[in-house]
Amino acid sequence: LFRSRLSKSVMDMSATGLSLRTTYDSKLFKPDTFLPSIRVLIDGELYVQGPGRVVYNRKLIDLAGQMRLQVGIKFENA
């Protein structure tokens with residue numbers, strides 16, 4: 001079993017999912033990728049935890065003019 005920890009800032013979140021920003025050349029967030037354990041912390045406290053699935057990624061230019069990817073993840077019921 002391969003496990004890894006990755007920390008990203010959430011751009012937007014709703015009851016059904018979230019979006020985050022990552023590097024443009026990231027290969028970790030291809031559409032339909034299953035993520036078995038997502039943990040969302042707010043001010044260091046656990047807000048939501050569970051599985052999710054990448055539903056999209058799209059190009060994004062940040063405020064510094066750098067090309068990034070915005071990744072949409074849908075929470076899935078366990």
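Sequential numbering from 1 along the given sequence is applied to the chain's residues.
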Query - Set of salt bridge (charged side-chain N to carboxylate O under 4.0 Å, His left out) partners for Arg53, sequence neighbours left out - result: Asp32, Glu76

Report summary line: Those residues at least two apart in sequence (or on a different chain) that pass salt bridge (charged side-chain N to carboxylate O under 4.0 Å, His left out) with Asp62 are Arg68

Query raised in the report: Any side-chain heavy atom of Phe75 within less than 4.5 Å of one from Pro51?
Result: no

Report task. State whether the side chain of Thr33 and the backbone N or O of Lys30 hold a donor-acceptor pair below 3.5 Å, judged by distance alone. Result -> yes

Query raised in the report: Should we say atom OH of Tyr56 is surrounded by more than 12 heavy atoms from elsewhere, each under 6.0 Å from it?
Result: yes

Report task. Check the hydrophobic clustering (I, L, V, M, F, W, Y; side-chain heavy atoms under 4.5 Å; chains of links allowed) and say if Met13 and Val54 are grouped together. Result -> yes

Query raised in the report: Looking at side-chain heavy atoms only, is the closest gap between Phe29 and Leu6 below 4.5 Å?
Result: yes

Query raised in the report: If two hydrophobic side chains count as joined below 4.5 Å and joins carry through other members, does Leu60 share a cluster with Met67?
Result: no

Requested in this report: Decide whether Tyr47 and Val10 are clustered together by the hydrophobic rule: side chain heavy atoms of Ile, Leu, Val, Met, Phe, Trp, Tyr closer than 4.5 Å, transitively.
Outcome: yes

Report task. Measure the shortest side-chain to side-chain distance between Gln66 and Tyr24 over non-hydrogen atoms and say whether it is less than 4.5 angstrom. Result -> no

Requested in this report: Kindly work out whether a path of hydrophobic side-chain contacts (I/L/V/M/F/W/Y, heavy atoms less than 4.5 Å apart) joins Ile42 to Leu46.
Outcome: no

**Report entry** Thr16 and Lys74 side chains, donor-acceptor separation under 3.5 Å
**Finding:** no

Query raised in the report: What residue among Val71, Val40, Val48 forms side-chain contact (heavy atoms from CB on, under 4.5 Å) with Leu18?
Result: Val40

**Report entry** pair Ile38-Ile73: side-chain heavy atoms closer than 4.5 Å
**Finding:** yes

Query raised in the report: Could you give the distance from OG (Ser7) to CG (Leu20), rounded to the nearest 0.5 Å?
Result: 10.0 Å

Query raised in the report: Considering only heavy atoms from C-beta outward, does the side chain of Ser9 approach that of Arg21 to under 4.5 Å?
Result: no

Requested in this report: Flag the pair Asn57 / Pro31 as yes when at least one side-chain heavy-atom distance between them is below 4.5 Å, and no otherwise.
Outcome: yes

